[in-house]
Structures are given as structure tokens and as C-alpha cells.
2 protein chains.
Amino acid sequence: MINYTDELRKHNLKATPQRLAISDALYINGHMSIEVLYELMLKKFNSISLATIYKNINLMMENSFIQEVKIPNAKSVYELTKTAHSHLVCDSCGEVEDITIDLDAIIDEAKQISSFKIDKASLVLSGVCKNCQ
Amino acid sequence: MINYTDELRKHNLKATPQRLAISDALYINGHMSIEVLYELMLKKFNSISLATIYKNINLMMENSFIQEVKIPNAKSVYELTKTAHSHLVCDSCGEVEDITIDLDAIIDEAKQISSFKIDKASLVLSGVCKNCQ
DNA sequence: TATTTTAAAGATAAATATTATCCTTTGATA
DNA sequence: TATCAAAGGATAATATTTATCTTTAAAATA
Ligand SMILES: [Mn+2]
Ligand SMILES: [Mn+2]
Ligand SMILES: [Zn+2]
Ligand SMILES: [Zn+2]
């Protein structure tokens, strides 16, 4: 169990017990939706407000402490910010897994065939996970 | 202006004036959000219900007549289903543009380094469009 | 073409999801 | 320890999406 006090402060976020618990939950579970996170936090803080979850998720995103991952045909999930990576999603069970693939070639190609100045690539691969096959 | 009557029927959708107008709007504008589509449809049908927009978007998605495109930090947009392609999004003006890039190599790599059975890839590239540079 | 059937439209209520507000509590700093 | 800005909790307000019910109309068919 990592102590996220310093990490939160680096992102200009006060290290409250609620935020430490959210950080910890994301560290342990990897990717979580708002509702799942809320349910989990309720077990730790029996009177935590859903508004606290939303306010923190929004603030943490603004400060780049966490990131949103938008998934086809499913609710968004959130994760602690880490080095750029892509995602694998299981259409059967909804499991979201990290995968690191070098997208530089793709980005270069896109730069050549378009007139955009490109600086970010978001890739989500869908399929069936090991467990559901 | 294309007549989408047959195309709608192929997807088991009755060709109502509202649906023809939605199809036409998507054909002309490429990618549209729910609210923008609703505003536009109101000009054509001054009493169209927002529920009609939602019901049609949902039904058209179920029948694969249209597709949803989830965009980082923005609302989803919808487009007529066409051959698989990726998207470019302008962080400045929100413009969404199609771009065709071969993702087979990426998908193959993902198959090798993961245990997923992968069948779909969704790529969104973010940056600044020509106009906003 | 007239009739019948069934799905879709419109109006609107209901349900969900998200944000704002207000007051109390607390983390950070000195 | 005292101060203060920020965060939490409770809850109201908005926003978004879906459900329900009645009317209308598209499509099938006689
Ligand atoms: Mn991830
Ligand atoms: Mn497109
Ligand atoms: Zn699975
Ligand atoms: Zn632009």
C-alpha cells in the first residue's frame, strides 16, 4: 500500500483521507468507473458524499493526477496518470487492461497524410480476454 | 442530397421523415453531437421531440446504421457507419475529421503481447487542425 | 387503393447522472 | 496552537437519458 500524500501534493491537491483512499483504490484496481469507486469508498467512509467523488475526480483530472479512459459501449473509467499507454477492453466482462504499444509510426503517418499538428494518440482495442474466451 | 430510404430499410429501420433528415444531416456534417443534431432538426421539424433524437440514435446504433465516436474531453459524436477508420480531433475548435490508417500491424502486435482475442481498434488522434494553427 | 397492423413521433413524466451551493470540518502553513 | 483556504457532507439544482402513453403514419396486405 503506497502513501500518496506527496504525490497528491505535487499535483496541488491536499492529501485528505478521502483522496488517499481514492488514490489507493485506483492503484489497486487499475481502472474504475465513478459508481464502482463510490461503492468502494462507501465501505471505507460510510458517509462519503457522491459529490465528493465527482469533485475529486474532476479536480484530479484537471491537475493530471488521474486520467479518464473512454470506452466504446461502456462507461468511462479512471486511472492514475502514468506513462502513455493503450487499452484492451473485454467485450464480454468489461475488464480493462493496459497495453504498451509504440504508436510513433502511426502518429508519423497521420502527420503526413493530414494537416493536423498531432500531439496525442488514444487507442482502445476491443476483444475477448483470456478468461472469457 | 442522397435518399436514405433504402439504406434505412436495409437496417430494419422505417424510413420516416425524421430519420431521413437525421441521415442527411450526418451525411452532410460528418460527425454530430446529440445536442447539435437536435438543434439542427428543430429547424426542419419545429416540434420534433428530443426523445425522438435519442430513440433514433439508440436504435440506429443497435442496427449499426450509425456509430458513436467517443472523444477525450468532449461529448460523443455520431456518424453514418462506413468502412473502419480513425479520427483526428482538434483540441482548439473541436473539429472531428476522418483519417484512414492501417492498424493491422498494431493489432498484430497487441495480439502477440497480450492474451486477448482482439477484433476491433478505436484510435483517436488529438491535436490542432490546420485552421487553428 | 382502402384497410389493417405495427412501429415511430410527440408530449411529458421519470429516472440517472452531474454540478452547484451552503455550511461545517480539516489540512497546511506559520 | 491559531489562522485560513480548501475540502467534505448534505442536499438542491441542472443536465442528460430513458420510459410511458397517446396520436400519427409507414408499410404490409387485402
Ligand atoms: Mn490504463
Ligand atoms: Mn468518422
Ligand atoms: Zn472478459
Ligand atoms: Zn481547430
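Residue numbers start from 1 in every chain, and the chains themselves are labelled A, B, ... in the order their sequence lines are given, proteins ahead of strands.
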Looking for any heavy atom pair under 4.0 Å, which part of the strands does A:Ala51 touch: base, sugar-phosphate only, or nothing?
base
Minimum-distance nucleotide (side-chain atoms of B:Arg9 versus D:dG8, C:dA28, D:dA27)
D:dA27
Of the options C:dA8, D:dG9, C:dT18, whose atoms approach the side-chain atoms of B:Lys14 most closely?
C:dA8
Should [X] be listed as having a side-chain N or O under 4.0 Å from OP1 or OP2 of [N]?
X       : N      : answer
A:Lys75 : C:dA17 : yes
B:Asn58 : D:dT18 : yes
B:Gln18 : D:dA25 : no
A:Lys55 : C:dA20 : no
B:Thr52 : C:dG10 : yes
B:Thr16 : C:dA9  : yes

Determine, for A:Lys120 against B:Asp91, whether the closest basic-nitrogen to carboxylate-oxygen distance falls under 4.0 angstrom.
no
Who pairs with A:His31 by ring-ring contact (aromatic ring centres under 6.0 Å, His included), at least two apart in sequence or on another chain?
A:His87
Which residue, A:Asn56 or B:Glu35, contacts DNA chain D at a nucleotide closer to its 5' end, judged by nearest heavy atom?
A:Asn56
Does A:Asn56 offer a backbone N or O that forms a donor-acceptor pair with the side chain of A:Arg19 under 3.5 Å?
no
How far does CG of B:Leu8 sit from CZ of B:Phe65, to the nearest 0.5 angstrom?
4.0 Å
